[in-house]
Amino acid sequence: RKEVEQDPGPFNVPEGATVAFNCTYSNSASQSFFWYRQDCRKEPKLLMSVYSSGNEDGRFTAQLNRASQYISLLIRDSKLSDSATYLCVVISNDYKLSFGAGTTVTVRA
Amino acid sequence: DVKVTQSSRYLVKRTGEKVFLECVQDMDHENMFWYRQDPGLGLRLIYFSYDVKMKEKGDIPEGYSVSREKKERFSLILESASTNQTSMYLCASSPEYNEQFFGPGTRLTVL
């Protein structure tokens, strides 16, 4: 079983829609969680950290469910510029870092 | 702004050649990483380094070695390139075990 798994998508949504997707992790002792964004043919860049209490950054909301071992990302009022691949990153308690394979989101006009 | 640079954006090599990929960061970060990214597999950690002259194996170190003689520079070496090492190679640096800053990547093709 992979340490971090994501639905690859693609999620095709119209502008203005809400889209949400999850990332599951296998190590219950994982301590830090992040969402990165990767545009086509570009390097990944940090989108946001995921805190235990959940956190928002504008139209983006990240949540952590430790009991079910997943993190989620929700994008409200989708823009064309949100089209990208979203990677989740999980850091274990012994500082092992694992990337998911990514979820592709395509926002259409 | 943190800047991570990689020596080449595109590289074509022949099977058996020795390949050097260089990565330089300008923010005095302790940690540096080398990943490869393949479709459907995501980023896989090859090696990382948390200090000068220190290195640790990642998930897929076979066929690779690294060198970190200076804090700002982390090199990935393919001693004898093979076709299954055709991939996108990404270097990253981070001050702690949190945000990673990535270079633009090197797309390596081994013929």
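Chain letters run A, B, ... following the sequence lines, proteins first, then strands; residues in each count from 1.
- Residues Phe102(B) and Met32(B) fall into different hydrophobic clusters, defined by Ile, Leu, Val, Met, Phe, Trp and Tyr side chains chained together at heavy-atom separations under 4.5 Å.
- Asp59(B) touches chain A through its side chain: at least one heavy atom from C-beta onward sits under 4.5 Å away, while N, CA, C and O do not.
- Ser78(A) and Arg59(A) get closest at one heavy-atom pair: CA-NH1, 4.0 Å.
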| request: Decide side-chain hydrogen bond (donor to acceptor under 3.5 Å, both in side chains) for Ser98(A) and Glu3(A); before the verdict, give the C-alpha distance in whole Å, the side-chain angles of both, and the deciding distance to 0.1 Å. | output: CA-CA 7 Å; Ser98(A) 300; Glu3(A) 295 189 32; 3.2 Å; yes
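- Only the side chain of Gln38(A) comes within contact range of chain B, with at least one heavy atom under 4.5 Å from a heavy atom of that chain.
- With sequence neighbours excluded, the residues forming a side-chain contact (heavy atoms from CB on, under 4.5 Å) with Val52(B) are Lys71(B), listed by chain and number.
- Aromatic ring centroids of Tyr47(B) and Phe33(B) lie 6.0 Å or more apart.
- When all heavy atoms of Leu21(B) and Trp34(B) are compared, the closest pair comes out as O-CZ2, 3.5 Å.
- Within the 4.5 Å cutoff, the side chain of Val110(B) has no heavy atoms near those of the Arg14(B) side chain.
- Using non-hydrogen atoms only and a strict 4.5 Å limit, the part of residues 40-56 of chain A facing chain B consists of Arg41(A), Glu43(A), Pro44(A), Leu46(A).
- Side chain to side chain, Tyr70(A) and Glu5(A) fail the donor-acceptor criterion of an N or O pair below 3.5 Å.
- Only the side chain of Gln37(B) comes within less than 4.5 Å of a heavy atom in chain A; its backbone stays farther off.
- Listed in order of number, the residues of residues 99-109 of chain A that approach chain B to under 4.5 Å between heavy atoms are Phe99(A), Gly100(A), Ala101(A).
- Ring orientation note: the planes of Phe21(A) and Trp35(A) are nearly perpendicular, at an angle over 60° on the 30°/60° scale.
- Arg107(B) CZ to Ser8(B) OG: the interatomic distance, rounded to the nearest 0.5 Å, is 13.5 Å.
- There is no path of hydrophobic side-chain contacts, each under 4.5 Å, that joins Val24(B) to Leu76(B).
- Contact detail for Ser80(B) and Gln85(B): the closest heavy-atom pair is O-OE1, 3.9 Å.
- By a heavy-atom distance cut of under 4.5 Å, not one residue of residues 60-70 of chain B is near chain A.
- Residue-environment remark: CD (Gln6(B)) exceeds the threshold of 12 foreign heavy atoms within 6.0 Å.
- Taking all atoms of both residues into account, the shortest heavy-atom contact from Arg36(B) to Asp38(B) is NE-OD2, 2.9 Å.
- Heavy atoms of Leu90(B) lying under 4.5 Å from chain A belong exclusively to its side chain.
- Centroid-to-centroid, the aromatic rings of Phe33(A) and Tyr25(A) come within less than 6.0 Å.
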